Trainee: 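For reference, the structure I am asking about is given below.
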Amino acid sequence: ATLLLRAAHSYRQLGMWDQAFDNYRKVLERDPRNVGAALAFSTAHMQMGHPELAMDVLRISSAAFSTSSSAPALTPGDTTVVPEDSTPSPDVRLAIQMALIHKQNQNVDVFIETALPVV
């Protein structure tokens, strides 16, 4: 999966979108919990002007975490304290990306609903 992800990144940098998308898709088929691939695939869709496809990628990846993760899901009003030096969990990273897509598309109400549970 690492080589496919590197190839996808390279194709994306070269503007070879079909090949990049194909490789991102293959990575996620093999490992739906690969957050790096999901975030990059989503970002590539945004660069091509396809926000709904970007959100679809994130929703599918988020579902992979919600069905197989042993960590508790984020819920509105959660007061769990996270150490400052910790890296955000994959589900938080995906939620942040979703919120940013909503913000970029000027869906302010949905942005707030998506972002608040993460903050």
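On a predicted model such as this, the values are computed, not experimentally measured, just so you know. We use all heavy atoms of the structure for the numbers below, so side chains are in, but hydrogens, waters and symmetry mates are not.
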Trainee: Going only through I, L, V, M, F, W and Y residues with side-chain contacts under 4.5 Å, is there a path from M48 to V57?
Mentor: yes
Trainee: Holding to side chain to side chain contact (heavy atoms under 4.5 Å, CB included), I want the full list of residues that pass it with I60, two or more places apart in sequence or in another chain.
Mentor: none
Trainee: Just by modelled atom types, is the A38 backbone N or O under 3.5 Å from a matching donor or acceptor in the S42 side chain?
Mentor: no
Trainee: Describe, in one word, how the ring planes of F41 and F21 are oriented to each other, choosing from parallel (under 30°), tilted (30 to 60°) and perpendicular (over 60°).
Mentor: tilted
Trainee: Which residues satisfy the side chain to side chain contact (heavy atoms under 4.5 Å, CB included) test with R30, sequence neighbours excluded?
Mentor: L4
Trainee: Among residues at least two apart in sequence or on other chains, which ones pass side chain to side chain contact (heavy atoms under 4.5 Å, CB included) with N34?
Mentor: L5, V27, L28, D31, A37
Trainee: Can you list the other members of the hydrophobic cluster that holds L14, where links are side-chain heavy atoms under 4.5 angstrom apart?
Mentor: Y11, M16
Trainee: Checking R25 now: which residues fulfil salt bridge (Lys or Arg N to Asp or Glu O under 4.0 Å) with it, not counting sequence neighbours?
Mentor: none
Trainee: By side chain to side chain contact (heavy atoms under 4.5 Å, CB included), which residues pair with A8, not counting sequence neighbours?
Mentor: N23, Y24
Trainee: Using the side chain to side chain donor-acceptor pair (under 3.5 Å) criterion, which residues pair with Q47? Sequence neighbours excluded.
Mentor: R12
Trainee: Return the CD1 to NE2 distance between I101 and H50, rounded to the nearest 0.5 Å.
Mentor: 13.0 Å
Trainee: Mind checking whether P51 and M46 have side chains closer than 4.5 Å, heavy atoms only?
Mentor: yes
Trainee: Hey, does L58 have a side-chain heavy atom less than 4.5 Å from the side chain of L39?
Mentor: yes
